[in-house]
Asks: 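Quick one: the structure is below, and I'll ask about it shortly.
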Number of protein chains: 2
Amino acid sequence: MSSETLKIPQATAKRLPLYYRFLKNLHSAGKLRVSSAELSEAVKVDSATIRRDFSYFGALGKKGYGYNVDYLLSFFRKTLDQDELTKVALVGVGNLGTALLNYNFLKNNNTKISVAFDIDEAKIGSTMSGVTIYHMDDMEKVLTELGITIAILTVPAPFAQSITDRLAQANVKGILNFTPARLTVPATMRVHHIDLAVELQSLVYFLKHYGVNEVEELEEVEE
Amino acid sequence: MSSETLKIPQATAKRLPLYYRFLKNLHSAGKLRVSSAELSEAVKVDSATIRRDFSYFGALGKKGYGYNVDYLLSFFRKTLDQDELTKVALVGVGNLGTALLNYNFLKNNNTKISVAFDIDEAKIGSTMSGVTIYHMDDMEKVLTELGITIAILTVPAPFAQSITDRLAQANVKGILNFTPARLTVPATMRVHHIDLAVELQSLVYFLKHYGVNEVEELEEVEE
DNA sequence: AGTTTTATGTGAAATGGATAACAATGTTTT
DNA sequence: AAAACATTGTTATCCATTTCACATAAAACT
């Protein structure tokens with residue numbers, strides 16, 4: 001409902017970063033062209049789906065040839081706003097939070113954890129992986145000053161909702177929620193969940209109940 | 001295509017662990033009954049969807065009353081095999097792997113990281129959070145001995161595919177893949193992806209391009 | 001230059017999932 | 001015991017997404 005490119009399906013939007021990453025790989029490997037079939041093999045998405053996804057942005061390829069890697073790459077770089085750095089806050093510097101601090105988001109995306117918050121006095125004022133840790137009491141102030149609108153939430157579940165409310169106050173628009181809590185947020189915010197326990201548990205369920213494709217043809221499959 | 005309960009939709013199956021967790025909360029809070037509407041509020045899933053999900057397992061509720069918390073809970077405990085402990089292996093004890101070791105999957109699910117593998121001599125032989133770390137050279141042997149068929153993969157991307165091939169050899173059936181690599185696996189295996197960079201990146205994309213529901217009504221929404 | 005091959009972009013069909021809406025039925029109240 | 005109420009289970013509908021299949025056009029070959 002905003003911006004240039006009109007209404008890409010959500011499912012497509014979720015695959016864009018994936019395409020982008022693999023295109024970068026191809027580029028580094030010196031490949032000049034690529035077909036939807038090749039790309040399909042690499043990212044494990046049906047080739048028709050890939051062509052359809054690309055087609056939302058216009059005709060990016062050439063019939064009988066495929067796609068020019070450099071062109072596609074620079075197109076996606078623009079589309080994904082990879083030219084400007086996106087600053088993100090980390091809220092909660094526990095085990096998982098620390099791991100995410102060390103995880104180099106920058107390498108693949110132009111996204112960086114620029115600031116972190118916690119309540120542990122031992123951590124406050126120190127830096128980890130070059131990121132300064134502030135007290136959560138100063139969260140609103142610091143976020144507003146830095147103009148950060150995206151937060152990664154890795155606090156204990158019982159605090160998740162109240163902290164979310166404060167993030168909303170501080171004009172944060174997006175939360176990547178690693179907490180098991182299901183957050184209530186204003187309509188102006190967007191939450192993506194990564195629920196580790198649910199992910200693991202549902203994998204277990206699938207294996208036990210959907211059983212393991214009774215080796216009929218033994219072709220290669222995915223997800 | 002196996003087991004008792006015939007073919008639950010995948011989308012439903014992914015929500016089961018979520019329902020289970022919230023039912024446990026309700027139980028602890030001493031609630032005896034719950035309606036699909038209440039549950040909907042808590043887990044942020046449409047109440048009709050919840051009723052539909054439950055209905056795949058038969059008539060679990062009572063009209064005009066709702067669902068009996070204890071009954072539902074024990075039903076899901078059976079359905080999700082929460083009575084037997086599911087042992088899981090962790091492959092790659094880096095930042096993220098370490099965080100997952102400390103993350104207590106046991107608390108919510110009856111799932112436990114029982115063994116870990118790495119190639120760092122400094123870590124091998126030691127235990128973290130009570131889990132012994134073995135050398136990856138011994139992976140097949142140890143996995144087979146312990147009869148473990150589920151692995152969490154947190155190794156550097158370049159090693160992901162070759163290690164996956166070895167896991168397949170060792171009779172592992174499910175992988176929770178935190179690696180950006182898209183794995184090629186035999187049809188007998190199942191892979192769930194958790195791609196942190198893609199998750200963050202797509203959140204950024206949504207915020208920039210779908211913009212933030214232009215505050216029309218300002219109702220509470222989610223995801 | 002003509003023929004064959006390749007691979008896109010897309011209409012049409014198929015699949016999968018979410019939601020609205022309500023009859024059926026048990027619960028609660030009076 | 002009757003009336004009013006609440007809430008399920010499900011049918012029908014809707015919506016989003018995936019996939020098929022092929023006309024089209026460019027590329028590669030001869």
Side-chain angles (χ1 to χ4, degrees), chain A residues 1 5-16 18-19 23 26 31-69 71-72 75-76 182 193 202 206 210 219 221-223, chain B residues 1 5-16 18-19 23 26 31-69 71-72 75-76 182 202 205-206 209-210 219-223:
Chain A
M1 213 146 281
T5 44
L6 267 305
K7 279 304 169 198
I8 301 305
Q10 303 218 359
T12 297
K14 282 199 191 168
R15 282 187 292 265
L16 297 183
L18 187 61
Y19 295 147
L23 286 171
L26 290 178
K31 282 213 86 181
L32 299 178
R33 60 186 266 193
V34 65
S35 68
S36 60
E38 283 176 276
L39 207 47
S40 169
E41 172 60 24
V43 299
K44 302 280 192 288
V45 170
D46 186 273
S47 70
T49 301
I50 293 178
R51 292 199 299 281
R52 168 90 51 200
D53 283 347
F54 287 4
S55 78
Y56 292 116
F57 299 98
L60 301 179
K62 272 194 276 191
K63 303 196 181 191
Y65 175 89
Y67 302 89
N68 178 295
V69 172
Y71 176 73
L72 214 49
F75 179 83
F76 277 116
R182 256 38 197 182
H193 285 282
S202 75
F206 278 119
Y210 285 61
E219 8 136 41
V221 177
E222 205 266 350
E223 175 121 352
Chain B
M1 215 146 283
T5 45
L6 270 301
K7 278 303 167 200
I8 302 305
Q10 302 218 358
T12 297
K14 282 199 191 168
R15 283 188 291 266
L16 297 183
L18 188 61
Y19 295 147
L23 285 171
L26 291 178
K31 283 213 84 179
L32 298 178
R33 60 186 264 192
V34 65
S35 68
S36 60
E38 282 176 277
L39 206 48
S40 169
E41 172 60 24
V43 298
K44 302 282 194 288
V45 170
D46 186 273
S47 70
T49 301
I50 292 178
R51 293 200 298 283
R52 163 93 48 209
D53 283 348
F54 288 5
S55 77
Y56 292 115
F57 299 97
L60 302 178
K62 274 193 272 191
K63 302 194 180 195
Y65 175 89
Y67 302 88
N68 178 296
V69 172
Y71 176 73
L72 213 49
F75 179 83
F76 277 116
R182 254 41 196 182
S202 75
Y205 181 85
F206 278 120
H209 293 259
Y210 285 60
E219 9 137 37
E220 305 281 293
V221 176
E222 203 266 352
E223 172 119 352

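Note on naming: letters A, B, ... go to the chains in the order of the sequence lines (proteins, then strands), and numbering restarts at 1 for each one.
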Asks: Counting the atoms with a prime plus P, OP1 and OP2 as sugar-phosphate, which does A:Ser47 contact under 4.0 Å by heavy atoms, base, sugar-phosphate, or nothing?
Replies: nothing
Asks: Who are the side chain to side chain contact (heavy atoms under 4.5 Å, CB included) partners of B:Ala13, not counting sequence neighbours?
Replies: A:Tyr205, A:Phe206, A:Tyr210
Asks: So, does B:Thr49 get its side chain near the phosphate of C:dT19, meaning an N or O under 4.0 Å from OP1 or OP2?
Replies: yes
Asks: From CG of A:Asp46 over to P of C:dG9, roughly how many Å is that when rounded to an integer?
Replies: 15 Å
Asks: Considering non-hydrogen atoms only, spot the tightest contact between A:Ser47 and A:Ser40 and give its length.
Replies: N-OG, 3.6 Å
Asks: What are the two closest non-hydrogen atoms of A:Glu41 and A:Lys44, and how far apart are they?
Replies: O-NZ, 3.2 Å
Asks: Nearest 0.5 angstrom please: B:Ser36 OG to B:Ile50 CD1, how far?
Replies: 6.5 Å
Asks: Atom CD1 of B:Ile50 to atom C1' of C:dA18: distance rounded to whole Å?
Replies: 12 Å
Asks: Kindly indicate, with the supporting measurements, whether the criterion side chain to side chain contact (heavy atoms under 4.5 Å, CB included) is fulfilled by B:Tyr56 and B:Leu16.
Replies: CA-CA 12 Å; B:Tyr56 292 115; B:Leu16 297 183; over 6 Å; no
Asks: If a protein heavy atom is under 4.0 Å from the base, mark B; if only from the sugar-phosphate, S; if neither, -; do that for nucleotides 21-30 of chain C going 5' to 3'.
Replies: B--BBBSS--
Asks: Roughly how far apart are B:Leu60 CG and B:Asp53 CG, rounded to 0.5 Å?
Replies: 11.0 Å
Asks: What pairs with A:Ser35 under side chain to side chain contact (heavy atoms under 4.5 Å, CB included), at least two apart in sequence or on another chain?
Replies: A:Ala37, A:Glu38
Asks: Within the 4.0 Å heavy-atom criterion, would you say A:Tyr67 contacts the bases, only the backbone, or no part of the nucleic acid?
Replies: sugar-phosphate
Asks: Specify the separation, in whole Å, of atom OH of A:Tyr71 and atom P of C:dT8.
Replies: 15 Å
Asks: Please write out each protein N/O paired with an N/O of nucleotides 14-17 of chain C under 3.5 Å, distance rounded to 0.1 Å.
Replies:
none

Asks: Between A:Tyr56 (OH) and C:dT10 (P), how many Å, whole number?
Replies: 11 Å
Asks: Could you list where the contact with chain A starts and ends along DNA chain D, reading 5' to 3', using a 4.0 Å heavy-atom cut-off?
Replies: D:dT17 to D:dA28
Asks: If you apply the rule side chain to side chain contact (heavy atoms under 4.5 Å, CB included), what do you find for A:Arg15 with A:Val43, and how did you get there?
Replies: CA-CA 9 Å; A:Arg15 282 187 292 265; A:Val43 299; over 6 Å; no
Asks: Checking B:Ala48 now: which residues fulfil side chain to side chain contact (heavy atoms under 4.5 Å, CB included) with it, not counting sequence neighbours?
Replies: B:Asp46, B:Arg51
Asks: Show the nearest heavy-atom pair for residues B:Tyr67 and B:Leu72, with the distance to one decimal.
Replies: CB-CD2, 3.6 Å
Asks: Atom CZ of A:Arg52 to atom C1' of C:dG11: distance rounded to whole Å?
Replies: 8 Å
Asks: How are the rings of B:Phe54 and B:Tyr19 set relative to one another: parallel (under 30°), tilted (30 to 60°) or perpendicular (over 60°)?
Replies: perpendicular
